[in-house]
Participant: 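Just dropping this structure here.
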Amino acid sequence: MAYLRPLIFYILTALAIFMLISPSHSSLDNVNDRVTLSLYYETSLCQHCASFISNDLVKVFHTDLHTIINLRLVPWGNVEIHCQKEHLEFIRCTEQQSLKGGPVEALWKNCSEKLRLNEEIINKCYTTGFGYKLLLQHANETAHLKPPQEYVPWVVVNNQPLRQLQDLENFVKYVCEAYKGDHKPAACKAQSSGLSPTIHALPQPPPIPVVGFYKLAVQWPPSVCKSTLNCKKPILPEFKIHGIWAQDAHDRPVPQYGPRNPCTHPNPNLDKKKLKGFLQSDPVLWIDLPRLWPNLILGKSDISFWHDEWTKHGTCSDFAQRPLSYFQSAIQLKKKLSRVIGLTPDSTYTVQQAVNAVFQLIHAYPQISCNRNRTNNRQLLLSEMYICYERPTSSNLLGTLKNCSHLYHGQCNSLSDIISFPR
């Protein structure tokens with residue numbers, strides 16, 4: 001049954017391209033002046049193909065070269081396709097993910113969700129058998145290429161194949177030589193002057209944040225104030241918000257906005273004064289924040305804490321352009337939880353017992369984080385808890401619980417570790 005994996009991947013990729021991609025033409029050139037750049041490639045099992053798409057072909061949309069190109073992507077075949085950036089990013093995503101393995105159906109669904117593309121039309125065609133018809137068309141065109149295909153990826157510029165593998169990395173040169181129109185792009189001018197085309201490249205559009213899910217991080221003041229923090233008084237026995245954190249599919253924090261991760265536009269960073277103005281615009285939120293999301297550290301202001309959390313965890317989240325919604329969401333989630341979230345203060349648990357107690361209340365497994373008591377290094381304290389939520393979609397606000405993929409964190413090393421939950 002191993003043959004089914006590449007077969008399914010062929011069908012899904014062909015369907016994705018056929019159903020998602022629509023023609024796009026520049027107003028500067030006659031359509032007949034455009035250079036046809038065709039890529040014949042294999043999906044799922046071809047590392048060279050995935051590398052070319054991810055590292056080389058994507059440069060078409062990082063410069064103004066796309067204004068003179070009809071880009072055709074042919075996964076084993078037919079159907080002339082005019083590619084726009086968001087759709088090439090989808091194909092790039094599926095190619096990158098395919099090399100890591102995993103279920104193929106989940107792969108393309110994850111990529112379409114991350115890039116906010118409609119997966120319903122792909123799924124419909126896949127289940128009706130239309131994909132197999134496309135598959136046969138693709139195979140037929142590939143079999144009748146003249147000159148015949150010699151390897152993959154096989155790149156053709158205006159019906160002339162690039163026969164040498166080293167020519168693939170220089171495909172921009174061949175596109176520019178084939179262009180006969182009047183509006184030569186900057187990328188081609190750089191080629192003719194002997195300079196790297198990237199010198200005159202247009203700014204690269206920022207990628208869409210790669211968010212897999214969210215964690216509501218809540219901290220237990222009696223524990224963190226005995227382990228990591230020098231706290232303000234009084235120290236209340238009630239879980240307080242630490243933050244709402246965007247995580248990737250591998251449970252790693254999504255990096256914050258910056259030069260190396262321009263995940264959204266415009267720049268979502270805010271100074272403290274502007275953030276304070278946003279938060280004060282919602283009177284109920286402004287009252288709830290210091291009560292449910294206080295800065296526990298002695299001598300530190302609440303607004304500094306909120307500003308740090310926004311910068312680290314909000315600027316590349318789904319709320320990057322909606323800071324008020326980011327904080328409102330965290331408060332709403334916290335209000336749905338009890339003060340102790342199923343646990344009993346002044347008790348001792350194993351990590352497994354604590355996880356189970358919380359599960360009985362919220363019907364989802366949390367992640368427990370531990371630290372050591374600074375006056376008694378042998379004592380493990382339940383310091384924080386992370387509750388996991390699905391990424392919001394157009395029909396699903398942030399609030400759908402999911403099981404956390406890891407049940408312990410910090411200085412907890414196993415589910416059998418004994419932890420204290422002080423008052």
Participant: For K402, I'd like to know if atom NZ has over 12 heavy atoms of other residues, nucleotides or ligands within 6.0 Å.
Facilitator: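 Correct, the count exceeds 12.
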Participant: Using the rule ring-ring contact (aromatic ring centres under 6.0 Å, His included), only one of W293, F278, F319, W306 pairs with F327; which is it?
Facilitator: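 Result: among W293, F278, F319, W306, W293 is the only option passing the ring-ring contact (aromatic ring centres under 6.0 Å, His included) with F327.
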Participant: R372 versus L381: any side-chain heavy-atom pair under 4.5 Å?
Facilitator: no
Participant: Apply side chain to side chain contact (heavy atoms under 4.5 Å, CB included) to residues L65 and C176 and explain how you reach the verdict.
Facilitator: CA-CA 9 Å; L65 195 68; C176 293; 4.1 Å; yes
Participant: Any non-hydrogen side-chain atom of P237 less than 4.5 Å from a side-chain atom of W220?
Facilitator: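 Side chain of P237 against side chain of W220, heavy atoms only: contact under 4.5 Å found.
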Participant: Applying side-chain hydrogen bond (donor to acceptor under 3.5 Å, both in side chains), can you list everything that pairs with D302, at least two apart in sequence or on another chain?
Facilitator: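 Testing D302 for side-chain hydrogen bond (donor to acceptor under 3.5 Å, both in side chains), a comparison that skips the adjacent residues, returns none.
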Participant: Treating T315 as the side-chain partner and N269 as the backbone partner, does any N or O pair qualify as donor plus acceptor under 3.5 Å?
Facilitator: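 A pair under 3.5 Å: no.
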Participant: If you measure from the Lys or Arg side-chain nitrogens to the Asp or Glu carboxylate oxygens, is any gap between K334 and D288 under 4.0 Å?
Facilitator: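 Answer for the salt bridge query: no.
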Participant: Counting only heavy atoms not in K276, do more than 12 fall under 6.0 Å of its NZ?
Facilitator: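 For K276, atom NZ is not crowded (no more than 12 foreign heavy atoms under 6.0 Å).
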Participant: Which atoms form the tightest heavy-atom contact between E309 and G243, and what is the distance?
Facilitator: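 That closest heavy-atom pairing would be OE1-CA, 3.4 Å.
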Participant: Indicate yes or no for a side-chain donor-acceptor contact from K312 to the backbone of W245 under 3.5 Å, with no hydrogens or angles considered.
Facilitator: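 No; zero donor-acceptor contacts below 3.5 Å.
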Participant: May I ask you to check whether over 12 heavy atoms, not counting those of R374, lie within 6.0 Å of atom CZ?
Facilitator: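 Counting neighbours around CZ of R374, more than 12 heavy atoms of other residues, nucleotides or ligands fall under 6.0 Å, so yes.
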Participant: Are more than 12 heavy atoms, taken from residues, nucleotides or ligands other than I418, located less than 6.0 Å from that residue's CD1 atom?
Facilitator: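 Not more than 12 within 6.0 Å, no.
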Participant: Looking at T344, is its backbone amide N or carbonyl O close enough to the side chain of Y349 to form a donor-acceptor pair, meaning the two atoms are under 3.5 Å apart?
Facilitator: yes
Participant: Is K215 reaching over with its side chain to a backbone N or O of P253, donor-acceptor style, under 3.5 angstrom?
Facilitator: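 Such a contact is absent between K215 side chain and P253 backbone.
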Participant: Is there a donor-acceptor pair closer than 3.5 Å between any side-chain N or O of Y214 and the backbone N or O of S317?
Facilitator: no
Participant: Which value, rounded to the nearest 0.5 Å, describes the distance between C370 atom SG and M385 atom CE?
Facilitator: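 C370 SG to M385 CE: 10.5 Å, rounded to 0.5 Å.
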Participant: Would D417 and S414 count as having a side-chain donor-acceptor pair, cut-off 3.5 Å?
Facilitator: yes
